[in-house]
Amino acid sequence: MKFEDYPIADAIKKNLAAAGYKRPTDIQFKAIPSILKGEDVLAVAQTGTGKTAAFAIPIIDRIHRSKRSLPGLQCIVMVPTRELAGQIGTVFNTLCHHTRVNPFAIYGGVDQDRQIARLKDGIDILVATPGRMFDLISQGAITVSLVNTLVLDEADRMLDQGFIKDIQSIKKKLPQRHQTLFFSATIDREIKKLAFSQVKTTAIRIQISPDSPVSKNVTHWMVEMEMDDKRFFLRRFIRDHETARIMVFVRTKVRAERVAKALERGHIPSATIHGDKDQADRNMVMARFKAGEERILIATDVSARGIDIPDLDFVINYDLPENPENYVHRVGRTGRGTRKGQAFSFCSPEEKPLLDQIQALIKEEIVIQPVTREEYTDILLDPRDTDSLRSMILTHEAEEKKHKKSRRKSKKS
Ligand code: AMP
């Protein structure tokens, strides 16, 4: 079935065509009819499957049709990170073009006044991170009494970040009769408990790729190396893929900056995104990366959610994530929609147990890319790296020569 055949407004169909969406993805095919009917939905869908449009299309359609009779905020999409809020806001903006629906995304870390001014103009759909949303509700800038749809997106991550109380308190503020759409990339006992406490017992349950939480479009590789050698492998990988757009994941903010410095020593420019950067900085880095002005982005897990770069070629797990579920979210940045993607994990001996946990979660064996002893040495000795062993030896030899020369000179004189 094509989008053209869906019972949705023509303006939305035009927007879908302009975005290049012809047919629904699996999750869209399964979720759109139920959401249009006003049913609660509980969906387990990995990132990159088109889940944003799966809820955006029917929500926009309903509001577009009912707009004249129902002024005021009608839908809240609650998300765990600022990046995700921005990303989902962009999808809504694209799909609301030429409709009567006004979406708006708010999140912390940026000026409130402009957000308040925009809210005063009247909006129909609010995409928000919890902190800023509650702040603006308490200031009276947001009224939720007419909200009839609540979307909890990436609910597993909201749980991880301790937003459970926020979810419960927003539910209490909404009119009793409202539709809840619960989306999560992973499902375990805790998430199930949360899900069932939020949706009606009649909720439609949808599970995409039940065997693995990771998109089939992603191929997984791992390369074995010592922790201290990772920087050499990263530089070699980047040089071997001259035009590729690559996201590199590390475990901490400090490591992100360290890896960027290590790339600099190999004359490779890169950008970093992590929690120590203010929001304006993070937005700028993302915009530059999306525009292709930077091709290497080094990120921590927190900043990774909501990053949608249609032509990201590789995800590199420079550090394996402590929590295997973060692997799913990291690699979900590539192989999005109908594209193919590749994920490489740099695995040191001490990280092997983490790799086992990841393989168990994704129910797939990650293929080892063999590296011969000669290749390994060659990578460590790359003369293009100012900190490589070969560079150090060459510099040392050059200095020795200089010394010898000056010693000879002083002997003669
Ligand atoms: P999401 O899972 O919502 O983050 O979407 C992942 C990617 O799939 C985004 O880049 C979307 O633009 C793309 N996408 C969503 N729906 C479709 C569709 N029906 N056809 C092609 N691409 C799509």
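Hydrogens, waters and symmetry mates play no part in the numbers below; they use all other heavy atoms, side chains included. Numbering of ligands and ligand atoms starts at 1, following listing order.
By the 3.5 Å distance cut-off applied to N or O atoms, Tyr21 is counted among the residues near ligand 1. Residue contacts with ligand 1: Ala53 is placed with no nitrogen or oxygen under 3.5 Å of a nitrogen or oxygen of the ligand (distance criterion only).
Heavy-atom proximity to Gly48, at under 4.0 Å, picks out these atoms of ligand 1: 2 (O), 6 (C). Close contacts between ligand 1 and Thr52 involve ligand atoms 1 (P), 3 (O), 4 (O) [criterion: under 4.0 Å to a heavy atom].
Below 30°, between 30° and 60°, or above 60°: for Phe233 and Tyr376 the angle between ring planes is above 60°, a perpendicular geometry. Under the 30°/60° scheme for interplanar angles, the aromatic rings of Phe346 and Phe237 are found to stand perpendicular.
Not a single donor-acceptor pair under 3.5 Å links the side chain of Glu257 to the backbone N or O of Val254.
A side-chain contact (heavy atoms from CB on, under 4.5 Å) with Cys96 holds for exactly one of Ile12, Asn15, Asn102, Ile60; it is Ile60.
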Check the pair Thr25, Lys51 against side chain to side chain contact (heavy atoms under 4.5 Å, CB included), reporting the backbone distance first and the verdict last. CA-CA 8 Å; Thr25 61; Lys51 65 191 169 73; over 6 Å; no
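At least one heavy atom of Arg23 sits less than 4.0 Å from an atom of ligand 1.
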